[in-house]
There are 2 protein chains.
Amino acid sequence: MSDNVAVEQEAGGGRRGRADRGGGAAARRAARSGGGPGTQLTYIKRQIPLYEVLGEEGLALIEANADTVLQEIGIEFRDDAEALALWKEAGADIKGERVRFPKGLPRSLLKTAPPVYTQHARNPARSVEIGGKGTVFAPVYGPPFVRDLDGNRRYATIEDFRNFVKLAYMAPSIHHSGGTVCEPVDVPVNKRHLDMVYSHIKYSDKPFMGSVTAPERAEDTVAMAKIVFGDDFVENNTVLTSLINANSPMVFDETMLGALKVYARHNQACIVTPFILAGAMSPVTVAGTLTQVLAEVLAGAAFTQLIRPGAPVLFGTFASSISMQSGAPTFGTPEPSLVSYGAAQLARRLGLPFRTGGSLCASKIPDAQAAYESANTLNSTILAGTNFVLHSAGWLEGGLASCYEKFMMDVDQLGMSQKFAEGVDLSENGQAMEAIRQVGPGSHYLGCDHTQANFQTAFYRSSIADNNSYEQWQAEGEKSASQRANELARRWLESYEAPYLDPAIDEALTDFIAGKKNSMPDAFT
Amino acid sequence: MSDNVAVEQEAGGGRRGRADRGGGAAARRAARSGGGPGTQLTYIKRQIPLYEVLGEEGLALIEANADTVLQEIGIEFRDDAEALALWKEAGADIKGERVRFPKGLPRSLLKTAPPVYTQHARNPARSVEIGGKGTVFAPVYGPPFVRDLDGNRRYATIEDFRNFVKLAYMAPSIHHSGGTVCEPVDVPVNKRHLDMVYSHIKYSDKPFMGSVTAPERAEDTVAMAKIVFGDDFVENNTVLTSLINANSPMVFDETMLGALKVYARHNQACIVTPFILAGAMSPVTVAGTLTQVLAEVLAGAAFTQLIRPGAPVLFGTFASSISMQSGAPTFGTPEPSLVSYGAAQLARRLGLPFRTGGSLCASKIPDAQAAYESANTLNSTILAGTNFVLHSAGWLEGGLASCYEKFMMDVDQLGMSQKFAEGVDLSENGQAMEAIRQVGPGSHYLGCDHTQANFQTAFYRSSIADNNSYEQWQAEGEKSASQRANELARRWLESYEAPYLDPAIDEALTDFIAGKKNSMPDAFT
């Protein structure tokens with residue numbers, strides 16, 4: 001790629017300069033039109049304490065049990081001779097595809113994994129720190145369906161994909177463009193990843209995720225990232241964070257291992273996540289689920305360090321329970337919250353960044369069920385100290401549908417979480433003693449100097465909530481939250497302006513995609 | 001009252017015997033009819049840690065500032081010469097109605113207030129411990145309107161009042177019958193309290209709250225409690241917990257002081273609660289609001305100990321922010337959560353039981369806004385370690401309306417909170433190592449012994465959520481959560497059976513009410 005140097009310089013220029021201005025202009029224009037998204041916020045740097053459900057005794061017990069699982073039961077690495085060879089070389093016991101680990105081996109391998117890493121965005125102002133006191137919100141990932149703005153539930157298209165990237169780009173408290181914000185089912189399955197990665201680069205300047213559905217698609221993602229960031233930059237930094245699910249219980253399969261190896265080799269981050277519907281894929285108890293989650297993460301995350309010591313890797317969990325009546329997944333219930341809190345503690349003890357949660361729900365529509373379940377999930381996600389939050393916005397139907405209205409409502413909740421995470425201001429202004437003196441008993445604070453001075457920033461201002469009187473709400477058409485969210489999504493999409501992308505990079509990307517697409521026939525399964 | 005001894009014995013008998021059986025039969029009947037409320041749970045004994053937003057430094061700062069407010073600005077005790085005389089005698093500085101407190105006086109007076117007390121119910125199985133690790137859920141309090149099961153928003157009636165008492169009686173995770181579950185606007189205002197207190201006694205066997213709208217209505221409440229529990233029992237125990245709001249900023253008025261004095265004199269519990277819309281009734285910051293709340297509670301709660309040392313008193317907060325655009329109250333936003341967490345810490349340091357929170361929202365309908373806001377409030381309420389939770393269920397429109405559908409949805413969430421508060425089971429069964437061994441890699445846990453053995457109790461089972469497939473949900477009529485809640489409320493009300501009440505007590509109560517009602521003309525304002 002002879003144009004790579006030029007591309008890299010342009011990308012750098014774009015990242016420091018015009019890209020940022022483009023976003024700012026879009027935000028200002030949207031703000032002028034009313035109900036605009038407002039100022040972009042950087043990722044959350046939590047100033048609040050953590051909530052921890054387990055004490056030392058419980059944590060030590062679960063860790064010892066996970067070690068037992070790894071030693072005695074082991075984990076299967078399927079259809080991947082290289083993985084088995086690497087584990088054998090590292091000292092593990094291999095029988096068929098079953099890998100059993102000497103006590104302490106995975107933990108010892110993980111000492112090279114960074115507790116915090118930077119994922120670079122093409123706009124440096126949008127780069128994020130993943131780990132430590134950082135919390136990064138990324139949108140919904142994976143749904144084949146959308147619930148659209150006309151109230152239809154239908155297969156998702158690339159147009160929907162672009163729309164969700166645009167909305168996430170505009171949302172002040174979404175810090176990351178995510179990955180498969182919906183499945184663009186209208187694009188052939190073997191070419192889809194090209195359009196998805198391109199959309200993240202073209203329509204947003206926030207960091208994004210890579211394709212994991214085949215090793216060659218992961219390679220394509222890395223190649224496209226190199227067009228944007230330059231070869232050397234990509235090899236020596238992290239510009240992709242991608243989702244590697246364990247096939248629970250206790251299996252990693254060929255597809256996930258293939259993608260993991262590509263990303264780790266290029267120093268790109270993997271989120272090793274046991275995808276758990278407790279009661280089906282893990283024991284029906286919280287402690288049992290945490291034990292299995294820890295064992296699976298230890299094996300999968302340590303494997304990244306066999307590929308490339310120092311490659312960033314996250315401790316992921318996706319925790320749901322199943323309905324013991326129907327077998328259907330349930331969300332926002334007490335047990336997944338307990339799992340998330342406990343897993344976050346285990347991750348911190350392991351020194352790995354932690355991913356869980358989001359705005360999960362089982363509801364088919366953006367109604368009260370959706371909101372209760374999402375709020376319960378998001379509250380535990382924040383207080384657990386989660387570093388990377390997938391499915392932060394738009395998730396409906398247990399992840400089968402990306403919903404525009406839900407997306408907008410969740411974005412509002414993310415803003416609240418971000419404000420909450422600032423904690424209590426104990427400055428002299430925060431203490432407000434002069435205001436108390438000025439007002440005194442029996443008066444009110446509405447017009448006092450302190451209130452006037454803090455008017456704009458004092459309280460979080462919801463973009464969705466209607467706090468007016470019943471009569472005014474009635475006069476304005478008795479709209480529900482989802483109706484207001486619908487209107488807001490339309491306004492945002494109308495006012496969207498793409499961030500600056502250097503035309504040379506854009507052309508290199510479209511050339512790369514065209515070449516790849518021409519090299520293979522369409523596949524739809 | 002010459003029949004008091006007999007009444008007391010009967011009440012005792014009823015409390016230990018038939019009352020409990022009556023409730024059990026109603027629950028079983030409802031359960032058989034499908035969607036019944038299930039087994040009554042006792043109040044929550046939290047087995048989870050507390051979440052605390054403030055460190056020692058912040059707490060000490062707010063406490064010092066509150067002391068300054070009490071010393072330098074003071075609190076007004078209005079239209080109550082007795083209160084001023086008592087404060088003067090206790091060593092406070094009185095100027096007009098303004099009371100300024102020597103440093104440490106309120107704290108010192110509060111040393112006689114119990115950190116935990118038992119509020120007795122007429123069914124001893126429903127008595128609650130308020131304080132410590134206990135959390136007690138009580139329903140919505142105060143709305144003049146209802147949103148009924150036909151979707152109408154209208155003035156509340158005594159029939160609505162009885163219905164909410166019945167629903168709270170049946171709800172497994174509502175531990176307290178509450179007080180003004182709605183305002184029965186069809187009953188004259190000066191006689192309303194008699195019908196309200198009677199309804200709590202007649203249609204429920206859970207503990208309840210007393211009237212605070214006039215001293216004589218508080219006296220009537222105590223008199224009715226004595227008919228149920230006996231004179232001596234009431235004087236030496238606590239059978240009422242009642243709500244005394246400060247008139248913030250920094251005022252207690254005649255009405256509230258009058259009711260407080262009645263209850264404290266009879267050893268009944270008062271919840272001293274600054275009713276705060278921050279930005280109007282307190283400073284526009286969290287730390288400033290906490291300072292004023294603490295000062296007001298210190299003054300009001302200490303006053304109960306001037307009336308009767310040892311009388312139970314709670315540290316209450318009702319925290320909302322106002323919209324800086326419209327002045328309307330907002331709920332479920334970050335700032336009130338921070339206030340609740342901080343106030344809970346201040347209450348613990350003061351050694352008083354703590355009241356806040358519930359399922360608060362500003363929405364006019366039981367939609368996603370209502371649910372997000374309520375869930376945010378309830379999550380902070382639980383994790384703060386709140387002991388008495390008012391407005392746990394049914395609150396809508398910033399407290400202007402009691403909503404049947406919202407009530408049922410909130411009850412479901414209360415059940416989740418109660419399950420969450422059990423924490424993580426670390427027993428051998430909870431660890432589930434045998435299950436992990438039995439299942440092994442690549443299989444599933446659906447049919448394994450451990451799952452079968454824990455099938456019934458493993459996961460919280462929602463009474464409202466639809467977790468089925470989209471297709472099944474569609475086939476069942478595409479119902480929203482509020483529609484399902486509507487159906488559930490109707491089923492519960494149909495299957496309601498009153499708990500046993502001794503006929504002699506019932507007659508004594510109705511005689512008392514008739515005598516009182518005949519002694520005065522109807523008043524409607």
Side-chain angles (χ1 to χ4, degrees), chain A residues 48 51 53 58 65 69 76 250-251 280 283-288 292 321 323-324 328 330 333-335 338 362 364 366-369 371-372 375-376 379 397 409 413 416 419-420 424 426 430-433 435-436 441-442 444-446 451 454-455 458-460 465 467-468 470 473 480-482, chain B residues 48 51 53 58 65 69 76 250-251 280 283-288 292 321 323-324 328 330 333-335 338 362 364 366-369 371-372 375-376 379 397 409 413 416 419-420 424 426 430-433 435-436 441-442 444-446 451 454-455 458-460 465 467-468 470 473 480-482:
Chain A
I48 51 171
Y51 185 71
V53 289
N65 285 345
V69 169
E76 290 192 2
M250 296 171 275
V251 173
V284 77
T285 59
V286 171
Q292 186 186 306
S321 299
S323 159
M324 297 311 285
T330 65
T333 47
E335 298 81 14
L338 291 168
K364 267 56 77 180
D367 64 348
Q369 179 185 341
Y372 279 117
N376 288 343
N379 272 277
E397 272 187 51
M409 298 196 296
Q413 296 296 313
M416 293 194 203
K419 183 87 193 305
F420 181 84
V424 179
L426 294 169
Q431 293 175 55
M433 285 298 280
I436 299 175
H444 69 77
Y445 290 80
L446 287 170
T451 301
N454 292 278
F455 178 91
F459 299 138
Y460 179 79
N467 300 309
N468 294 326
Y470 183 85
W473 171 79
S480 68
S482 61
Chain B
I48 50 171
Y51 185 71
V53 289
N65 285 345
V69 170
E76 290 193 1
M250 297 171 273
V251 172
V284 78
T285 60
V286 171
Q292 186 185 306
S321 297
S323 159
M324 297 312 283
T330 65
T333 47
E335 298 80 14
L338 291 168
K364 267 56 77 181
D367 65 348
Q369 178 186 343
Y372 278 117
N376 288 342
N379 272 277
E397 272 188 52
M409 299 195 297
Q413 296 296 313
M416 293 194 203
K419 183 86 193 303
F420 181 84
V424 179
L426 292 169
Q431 293 175 54
M433 285 298 281
I436 298 175
H444 67 76
Y445 291 80
L446 287 171
T451 302
N454 291 278
F455 179 89
F459 299 137
Y460 179 79
N467 301 310
N468 294 326
Y470 183 83
W473 171 78
S480 69
S482 60

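Labels below follow one simple rule: chain letters A, B, ... track the order of the sequence lines, proteins then strands, and each chain is numbered from 1. Values below: every heavy atom of this structure, side chains too, minus hydrogens, waters and symmetry copies.
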About how many Å separate CD1 of A:Ile436 and CE of B:Met250, when rounded to the nearest 0.5 Å? 6.0 Å
In Å, rounded to the nearest 0.5 Å, how long is the span from CZ of B:Phe459 to OG1 of A:Thr285? 8.0 Å
Within the distance-only criterion (no hydrogens, no angle test), does the side chain of B:Asp367 pair as donor or acceptor with the backbone N or O of A:Ala481 below 3.5 angstrom? yes
Heavy-atom distances under 4.5 Å only: say whether [X] touches chain A with side chain, backbone, both or neither.
X        : result
B:Met433 : side chain
B:Asn379 : side chain
B:Thr451 : both
B:Glu335 : side chain

Heavy-atom pair of closest approach, residues B:Pro334 and A:Tyr460: CD-CB, 3.6 Å
Can you name the nearest heavy-atom pair linking B:Asn467 to A:Ala362, along with the distance? OD1-CB, 3.3 Å
Considering only heavy atoms and a distance below 4.5 Å, find which of [options] pairs most often with chain B.
options                                : value
A:Asn468, A:Asn454, A:Thr333           : A:Asn468
A:Ala432, A:Pro441, A:Ala465, A:Ala287 : A:Pro441
A:Gly430, A:Ala435, A:Ala375, A:Gly442 : A:Gly430

Identify which of [options] forms the greatest number of heavy-atom pairs closer than 4.5 Å to chain A.
options                                : result
B:Val53, B:Leu338, B:Val251            : B:Leu338
B:Met416, B:Lys364, B:Glu76            : B:Lys364
B:Lys419, B:Gln413, B:His444           : B:Gln413
B:Ala280, B:Pro366, B:Ser482, B:Gly58  : B:Ala280
B:Gly288, B:Ala328, B:Ala368, B:Ala458 : B:Ala368

Are B:Tyr51 and A:Ile48 packed together at the side-chain level, in the sense that at least one heavy-atom pair is separated by less than 4.5 angstrom? yes
